[in-house]
Amino acid sequence: MRRTSPGSGNSSRRLLMATYEYLCSRCGSFDVKLAIGTAPRIYGCPACARDARRVFSAPGLSRTSNAAAALRAREEQSREAPAVVSGLPPGSGARRRPHPALSRLPRP
């Protein structure tokens, strides 16, 4: 039984992870996240430790809306170059009314 550690390799380089599907003859199918191109043909089942063979299936691709894609791009961009805020946004300084009980407190 061979296991490939997802953390092995050059840690300074960013690894792209992929989900690989394996089939255990005893326990059924399970997924493993590994760096792209490092998935072995045989992987140990996490439940029973038997050898499981890799299964090739259709990739999980889906179309996202333009709004979701724009939000994802904005989030990824903010990871490297976050926006700098110099003040409060307009309209966020709404004044709150004082609590009614404050008027009944004794004054000095």
Side-chain angles (χ1 to χ4, degrees):
M1 169 180 17
R2 296 183 326 203
R3 282 196 181 246
T4 304
S5 171
S8 64
N10 188 355
S11 61
S12 64
R13 195 178 77 196
R14 188 175 179 157
L15 294 176
L16 297 175
M17 302 300 280
T19 303
Y20 296 97
E21 184 179 357
Y22 287 88
L23 181 64
C24 174
S25 60
R26 182 178 184 191
C27 303
S29 66
F30 60 94
D31 294 337
V32 178
K33 285 191 179 269
L34 299 170
I36 291 178
T38 62
R41 195 173 59 81
I42 303 293
Y43 195 87
C45 175
C48 67
R50 287 185 175 187
D51 285 349
R53 65 178 177 81
R54 184 172 166 197
V55 177
F56 292 91
S57 58
L61 302 176
S62 63
R63 299 192 83 156
T64 59
S65 67
N66 290 341
L71 287 172
R72 185 176 296 124
R74 185 174 173 188
E75 187 270 333
E76 288 176 359
Q77 181 184 10
S78 71
R79 193 178 306 156
E80 299 296 325
V84 177
V85 178
S86 60
L88 293 175
S92 64
R95 296 194 43 95
R96 293 176 42 187
R97 292 183 179 178
H99 193 276
L102 292 177
S103 64
R104 294 191 300 261
L105 290 175
R107 301 282 175 203

Query - salt bridge (Lys or Arg N to Asp or Glu O under 4.0 Å) partners of residues 97-108, not counting sequence neighbours, each pair once - result: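 Pairs touching residues 97-108 that pass the test: none.
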
Query raised in the report: What pairs meet the salt bridge (Lys or Arg N to Asp or Glu O under 4.0 Å) rule with one or both residues in residues 61-78, with sequence neighbours excluded?
Result: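 As it turns out, the salt bridge (Lys or Arg N to Asp or Glu O under 4.0 Å) pairs with a partner in residues 61-78, which skip direct neighbours, are E75-R79.
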
Report task. For C48 and C45, work out which heavy atoms get closest and say how close. Result ->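 Distance-wise, the nearest heavy atoms are N-SG, 3.6 Å.
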
Query - With L105 via side chain to side chain contact (heavy atoms under 4.5 Å, CB included) - residues at least two apart - result: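 Applying side chain to side chain contact (heavy atoms under 4.5 Å, CB included) to L105 gives L102.
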
Query raised in the report: Do the non-hydrogen side-chain atoms of I42 and R53 ever get within less than 4.5 Å of each other?
Result: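 The answer is yes; the side chains approach within 4.5 Å.
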
Query raised in the report: CG of N66: more than 12 outside heavy atoms within 6.0 angstrom?
Result: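 No, not enclosed.
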
Report task. Please round to the nearest 0.5 Å and tell me the distance separating atom CG of L16 and atom CG of L34. Result ->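 Between atom CG of L16 and atom CG of L34 there are 13.0 Å.
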
Please output the side-chain donor-acceptor pairs of residues 17-30 that fall under 3.5 Å, not counting sequence neighbours, one pair per line with the distance.
{"residue": "T19", "atom": "OG1", "partner": "K33", "partner atom": "NZ", "Å": "3.4"}
{"residue": "Y20", "atom": "OH", "partner": "G37", "partner atom": "N", "Å": "3.1"}
{"residue": "E21", "atom": "OE1", "partner": "S57", "partner atom": "OG", "Å": "3.1"}
{"residue": "Y22", "atom": "OH", "partner": "P40", "partner atom": "O", "Å": "2.7"}

